[in-house]
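Letters A, B, ... mirror the listed sequences (proteins, then strands); counts begin at 1. The shown structure was predicted, so the numbers you read here are calculated from the model rather than taken from an experiment.
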2 protein chains.
Amino acid sequence: MAVNLDSTDWSILGELQRDGRVPLTELARRVSLSASAVTDRVRRLETEGVITGYRAEVDLAAVGFAVLAMVRLKYPGSRHEPLHRLLEERSEILECLRTTGEDCYTLKVAATSMRHLERIVDELAGFGSTTTNIVYSQTLPYRGPQASCG
Amino acid sequence: MAVNLDSTDWSILGELQRDGRVPLTELARRVSLSASAVTDRVRRLETEGVITGYRAEVDLAAVGFAVLAMVRLKYPGSRHEPLHRLLEERSEILECLRTTGEDCYTLKVAATSMRHLERIVDELAGFGSTTTNIVYSQTLPYRGPQASCG
DNA sequence: CCTGAAAATCGCAGTCG
DNA sequence: CGACTGCGATTTTCAGG
């Protein structure tokens with residue numbers, strides 16, 4: 001599952017995580033490589049599954065989702081299909097992590113209002129007991145994985 | 001803070017969230033617009049702060065971060081600077097949300113091993129009591145905000 | 001929001017160390 | 001085998017309508 005990356009690969013990943021739309025020629029300049037060499041490496045990172053995609057990052061508040069919340073769900077039993085169906089349908093659920101601990105699921109939910117959030121939490125409460133925390137702020141700008149050693 | 005978006009804007013956001021590197025000409029085809037019109041709209045979404053950036057999405061396991069965890073931190077007192085300093089330094093902390101509730105901070109931490117995670121949690125425990133949940137799996141593929149109404 | 005032309009970039013050969 | 005060069009096709013950018 002793990003791929004061997006040299007420091008050039010990490011530089012490329014750093015640049016593409018900062019600016020995913022940078023042209024390959026400019027990227028080549030930044031990591032001191034030729035355009036074709038950098039293209040080869042990027043393609044390799046993509047096919048090896050290191051880079052899983054490119055995403056525009058959208059400001060939630062700017063598009064009307066004024067409320068962000070973390071909801072933890074205690075889910076008794078093992079029939080997970082009904083929950084998964086809800087996850088598919090409710091696009092307000094941005095992320096769903098299955099974790100260890102009593103609260104088996106941790107969800108990130110974006111809502112337009114508290115009333116809207118309440119409705120979603122009510123739906124989730126049908127599956128088990130929920131704990132909801134409203135997010136005041138994101139205290140870190142975006143950050144992806146960086147080189148672990150040096 | 002909120003911007004008015006028509007359905008074409010939402011289509012553009014959808015495409016760019018799915019494939020952030022799609023050429024503007026291809027994007028124009030997909031939303032049935034000319035290249036220059038779609039370029040204008042994309043630039044507008046960027047300058048208005050709707051699109052905050054473009055990111056390559058990197059597979060954590062593929063680059064050696066075998067362990068992902070959610071750590072909640074109960075933080076007594078109000079001097080937050082020392083914690084913020086740690087957040088800057090420890091690049092393994094991918095995300096940090098300040099929330100309501102007893103656990104004022106919710107952090108997403110990527111580690112190369114349980115031993116590595118333990119070291120980071122120990123650092124965090126210097127600030128307050130922590131609750132750690134290891135992530136088994138991400139049960140949703142990437143998903144950003146989508147049109148709320150119609 | 002569209003057209004159109006110039007400049008930059010991309011993708012694919014072939015070639016070198 | 002990984003990195004560089006050259007050329008045609010595509011894309012980006014910017015003018016004007």
Side-chain angles (χ1 to χ4, degrees), chain A residues 1-59 62-64 142 144-150, chain B residues 2-59 61-64 142 144-150:
Chain A
M1 202 61 189
V3 173
N4 240 8
L5 302 176
D6 63 19
S7 65
T8 304
D9 289 324
W10 277 111
S11 299
I12 291 172
L13 290 179
E15 290 297 330
L16 287 178
Q17 286 185 95
R18 258 194 336 108
D19 178 10
R21 265 183 95 84
V22 62
L24 294 174
T25 52
E26 170 62 19
L27 178 59
R29 273 189 287 276
R30 293 191 196 163
V31 302
S32 306
L33 237 58
S34 77
S36 62
V38 95
T39 305
D40 285 349
R41 278 175 181 262
V42 171
R43 295 286 171 268
R44 188 177 61 79
L45 292 169
E46 289 169 357
T47 59
E48 288 182 336
V50 174
I51 296 175
T52 56
Y54 301 89
R55 316 280 177 202
E57 193 179 67
V58 173
D59 185 298
V63 297
Y142 173 86
Q146 296 177 28
S148 32
C149 43
Chain B
V3 173
N4 239 8
L5 303 175
D6 64 19
S7 64
T8 304
D9 289 323
W10 277 111
S11 299
I12 291 172
L13 290 179
E15 291 297 329
L16 287 177
Q17 288 185 96
R18 259 194 334 109
D19 177 9
R21 263 182 98 83
V22 63
L24 295 172
T25 53
E26 170 62 19
L27 179 59
R29 272 189 288 275
R30 293 192 196 163
V31 303
S32 307
L33 237 57
S34 75
S36 60
V38 95
T39 305
D40 285 349
R41 277 176 182 261
V42 171
R43 295 287 171 267
R44 201 193 93 235
L45 291 169
E46 289 168 358
T47 58
E48 287 182 337
V50 174
I51 296 176
T52 56
Y54 300 89
R55 317 281 177 201
E57 195 179 66
V58 173
D59 185 298
V63 297
Y142 173 87
Q146 295 176 28
S148 33
C149 43

Practice prompt. Check DNA chain D against residues 45-58 of chain B and give the residues with a non-hydrogen atom under 4.0 Å, in numerical order.
Written response: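 Output list: empty, so none.
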Working to the nearest 0.5 Å, report the span between [atom1] of [X] and [atom2] of [Y].
{"X": "A:Q17", "Y": "A:Q146", "atom1": "CD", "atom2": "CD", "answer": "7.5 Å"}
{"X": "A:R21", "Y": "A:L27", "atom1": "CZ", "atom2": "CG", "answer": "14.5 Å"}
{"X": "A:L45", "Y": "A:D40", "atom1": "CG", "atom2": "CG", "answer": "11.0 Å"}
{"X": "B:I12", "Y": "B:L24", "atom1": "CD1", "atom2": "CG", "answer": "9.5 Å"}
{"X": "B:L33", "Y": "B:R41", "atom1": "CG", "atom2": "CZ", "answer": "6.0 Å"}
{"X": "B:Y54", "Y": "A:R18", "atom1": "OH", "atom2": "CZ", "answer": "15.5 Å"}

Worksheet item: Per the end-axis method with five pairs at each terminus, what is the bend angle of the helix from C:dC1-D:dG17 to C:dG17-D:dC1, to 10°?
Response: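 Nearest ten degrees gives 40° for this helix.
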Worksheet item: Quick one: side chain to side chain donor-acceptor pair (under 3.5 Å) partners of B:E57, sequence neighbours excluded?
Response: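 Here the qualifying residues are A:T52, A:R55.
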Worksheet item: Do B:V22 and B:R30 touch side chain to side chain, with heavy atoms closer than 4.5 Å?
Response: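 A side-chain contact under 4.5 Å exists here.
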Worksheet entry | Start and end of chain B contact along DNA chain C [non-hydrogen atoms, under 4.0 Å] |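 It runs C:dC1 to C:dT3.
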Item to complete: Check the surroundings of atom CG in B:D6: do more than 12 heavy atoms from other residues, nucleotides or ligands lie under 6.0 Å from it?
Response: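 Counting neighbours around CG of B:D6, more than 12 heavy atoms of other residues, nucleotides or ligands fall under 6.0 Å, so yes.
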Discussion item. Minimum heavy-atom separation for A:G49 and B:A62, please, with both atom names.
Written reply: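 Shortest heavy-atom contact: O-CB, 4.0 Å.
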Worksheet item: For B:N4 and B:R44, which heavy atoms make the closest approach, and how far apart are they?
Response: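 Minimum heavy-atom contact is O-NH2, 3.9 Å.
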Scan nucleotides 11-14 of chain D against the protein and return all N/O pairs shorter than 3.5 Å with their distances rounded to 0.1 Å.
from	atom 1	to	atom 2	distance (Å)
D:dT11	O5'	B:T25	OG1	3.2
D:dT12	OP1	B:L24	N	3.1
D:dT12	OP2	B:L24	N	2.7
D:dT12	OP2	B:T25	N	3.1
D:dT13	OP2	B:R43	NH2	2.7

Practice prompt. With sequence neighbours excluded, tell me which residues meet salt bridge (charged side-chain N to carboxylate O under 4.0 Å, His left out) with B:R43.
Written response: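 Applying salt bridge (charged side-chain N to carboxylate O under 4.0 Å, His left out) to B:R43 gives B:E46.
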Worksheet item: Rounded to whole angstrom units, what separation is found between the CG atom of B:D40 and the P atom of D:dG16?
Response: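 Taking atom P of D:dG16 as the reference, CG of B:D40 is at 16 Å.
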Item to complete: Step by step, work out the side chain to side chain contact (heavy atoms under 4.5 Å, CB included) result for B:V50 and B:D9.
Response: CA-CA 10 Å; B:V50 174; B:D9 289 323; over 6 Å; no
Discussion item. Under 4.0 Å, counting only non-hydrogen atoms across every strand here, what does B:R41 touch: a base, just sugar-phosphate, or nothing?
Written reply: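 Sugar-phosphate only.
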